[in-house]
Amino acid sequence: MSLATVHARAQNGLDAEGVGVEVHLAPGLPGLSIVGLPEASVREAKDRVRAAIVNSGYRFPLQRITCNLAPADLPKEGSRFDLAIALGILAASGQIPAEPLAALEVLGELSLSGEIRPIRGALPAALKAAAAGRALLVPEANGAEARLARGARVFVAERLGTLCAELHENRLRPADAATPLASADGAAADLAEVRGQAQAKRALEIAAAGAHSLLMSGPPGGGKSMLAQRLPGILPPLGDDEALEVAAVASIGKGFDPRDWGRRPYRAPHHTASGAALVGGGTQPRPGEITLAHHGVLFLDELPEFDRDVLEVLREPLERGAITISRAARQADFPARFQLVAAMNPCPCGYLGDAQGECRCTPDQVARYRARISGPLLDRIDLQLFVPRVAREELLGGAAHTPEEPSAAVRQRVCAARQRQLDRQGVPNAQLGLRELERWARPDADGTALLQQAMQRLQLSARAYHRTLKVARTIADLAAQPDVGAGHIGEALRYRAAALR
């Protein structure tokens, strides 16, 4: 047989598109050419494949070998096609049977010695292979990750020589079943470790219950970063579909560890991060921080220190919950349903509004500092509050100190409020559309009057008006109230533009 086809998959965003690896042997000068829009790393596969076949005890055909990666208009990148090319050459030259390969999809990088090394994106490929009705063969290091895909049949291999022997016997080795954690709550920092800051903790609870974005401003050492780090510990647990999405995103990043199953991601990029680092990019589009924080928390500390142009790229993903990265040769869609939490100082020195510190900044310096954050971006942040320095008495505590409420107790209230939202409208309050907002968050007469007065005095935009209603709806859900009242509206208004006082 001089022609063989092996099925594989190329990664394009979160989508794993099918690729047919067609290998043809013909008379002529010995050589291996790879066609079908391969990138440099794919073209280099011919050297890895040649050495791996020879060092595995098989014969590399001294013929003209053409390897076509179809479809030809889909860019192929990475070393994930090495194993499929090697098996195609061995099947076309009659050294291994071709029949077992027909119902199999193959992914893996080859070392020169024939060892099969792990690749990125095993989980999305397993999901697509299961949908196509084929089994998936991956490196042993990717087996547990690929087994997380429901309905997928996954086989693993460690070396090319051993795999070829198993193909001769038609007895591939199945992957061990993944053992994801039943709960990852214990890994999260506890809210009880934060002394005082009752108002900030209340805002954190509201943000967790309704999936709202949050901005905290205050002097250094007030506990803003500590509070943000404890938000994942009070968020509701991930559903199975959400956990699968989180795992798939991590899979195309640096890889997913099954021990992290069910754990919400927490990303805290440095303020020197570029726009491409935040939203994703590259010649071959890769996910950025907002995608790696999907269904989790994106914490931006020292918010004004980020480049203004970098912050502006967050505006669309905050509204859509997704990002589309377009390049000349391809377009990739990434999910970005993250919860933004940001922290900042009120001025360059950090002590404006601090009763215990003296601010040395001029009004112009304060204005320039705050101008680094645009009005449209601030308008998209639901909760904004000032976090003062903790009083010395609260910080030192003592025998009479009342223990702080633990994250587990707060999480119970958050889960109950979130479940009310899901039962009522199917999504958290932060994701309500205008029609749903009109239906589920319409305030009573007193609340409407209060909101009208606030719009005149605070000059609220239409977006700020709607976001205030969403926050008020969440406050009512935490109180188990079916209707939004004036008290809920009043508390929601206290979190509007309160950070930059």
Side-chain angles (χ1 to χ4, degrees), residues 1-53 60-93 95-96 98 101-111 116-122 124-129 131-132 134-139 142 160 163 252 282-286 325-333:
M1 182 179 183
S2 61
L3 178 65
T5 300
V6 181
H7 301 286
R9 289 201 174 267
Q11 197 69 44
N12 182 21
L14 267 185
D15 191 19
E17 301 188 31
V19 172
V21 180
E22 303 168 342
V23 178
H24 179 247
L25 275 58
L29 290 175
L32 171 58
S33 62
I34 301 176
V35 299
L37 213 56
E39 300 291 335
S41 57
V42 182
R43 292 194 297 270
E44 292 170 353
K46 59 184 179 181
D47 298 314
R48 293 191 296 269
V49 167
R50 185 193 306 271
I53 289 177
F60 190 84
L62 296 178
Q63 296 175 270
R64 181 179 178 181
I65 305 172
T66 303
C67 177
N68 178 43
L69 306 180
D73 60 346
L74 175 67
K76 324 294 189 308
E77 58 100 14
S79 55
R80 60 198 293 121
F81 301 104
D82 289 6
L83 184 56
I85 293 172
L87 293 179
I89 291 173
L90 292 173
S93 60
Q95 299 181 73
I96 63 172
L101 300 176
L104 199 62
E105 294 188 3
V106 179
L107 296 174
E109 176 185 337
L110 287 175
S111 70
I116 305 175
R117 292 173 172 168
I119 49 94
R120 294 183 297 105
L127 292 168
K128 287 290 188 177
R134 297 193 188 98
L136 180 67
L137 174 65
V138 294
N142 292 120
L160 178 61
L163 171 61
I252 64 173
T283 305
Q284 303 296 331
R286 299 288 175 83
I325 300 175
S326 298
R327 294 294 180 264
R330 64 198 303 183
Q331 187 180 71
D333 296 319

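Just the heavy atoms: all of them, side chains too, but no hydrogens, waters or symmetry mates, feed the values below.
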Got a sec, which pairs hit side chain to side chain donor-acceptor pair (under 3.5 Å) with one end in residues 18-34, sequence neighbours left out? Glu22-Asn68
Inter-residue atom distance Thr5.OG1 - Leu87.CG, 0.5 Å rounding: 12.5 Å
Please report the interatomic distance CD(Glu39) to CZ(Arg43), rounded to the nearest 0.5 Å. 7.0 Å
For [X] and [Y], work out which heavy atoms get closest and say how close.
X	Y	value
Ala102	Arg134	O-NE, 4.1 Å
Leu107	Ala125	CD1-CB, 3.5 Å
Ala84	Ala8	CB-CB, 4.2 Å
Gly121	Ile252	CA-CG2, 3.9 Å
Gly108	Ile116	CA-CG2, 4.3 Å
Ile85	Cys67	CG1-SG, 3.8 Å

Pairwise side-chain contact, [X] with [Y], heavy-atom cut-off 4.5 Å (strictly under):
X	Y	result
Gln331	Ser326	yes
Val21	His7	no
Leu160	Leu83	yes
Leu163	Leu137	yes
Arg48	Ser79	yes

For side-chain contact (heavy atoms from CB on, under 4.5 Å), just list the numbers for Leu74 and Val19, CA-CA rounded to whole Å, side-chain angles, deciding distance to a tenth of an Å, and then say yes or no. CA-CA 9 Å; Leu74 175 67; Val19 172; 4.1 Å; yes
Is there a side-chain contact (heavy atoms from CB on, under 4.5 Å) between Leu69 and Leu37 once you walk through the steps? CA-CA 8 Å; Leu69 306 180; Leu37 213 56; over 6 Å; no
Is it the case that the side chain of [X] and the backbone of [Y] share a donor-acceptor pair, with hydrogens and angles ignored and the cut-off at 3.5 Å?
X	Y	result
Lys76	Val42	no
Asn142	Ile119	yes
Arg80	Arg120	yes
Asp82	Glu109	no
Gln11	Gly13	yes

Can you name the residues that form a side chain to side chain donor-acceptor pair (under 3.5 Å) with Asp47, not counting sequence neighbours? none
Quick test of your reading of the model: are [X] and [Y] salt-bridged, counting only N-O distances below 4.0 Å?
X	Y	value
Arg286	Glu77	yes
Glu105	Arg9	yes
Lys128	Asp15	yes

For the pair Leu32 and Ile89, evaluate side-chain contact (heavy atoms from CB on, under 4.5 Å) and give the outcome as yes or no after the intermediate values. CA-CA 10 Å; Leu32 171 58; Ile89 291 173; 4.2 Å; yes
Residue pair Ser93 / Gln95, side-chain donor-acceptor N/O under 3.5 Å: yes
Given side-chain contact (heavy atoms from CB on, under 4.5 Å), test Phe81 with Ile34 step by step and report yes or no. CA-CA 11 Å; Phe81 301 104; Ile34 301 176; over 6 Å; no
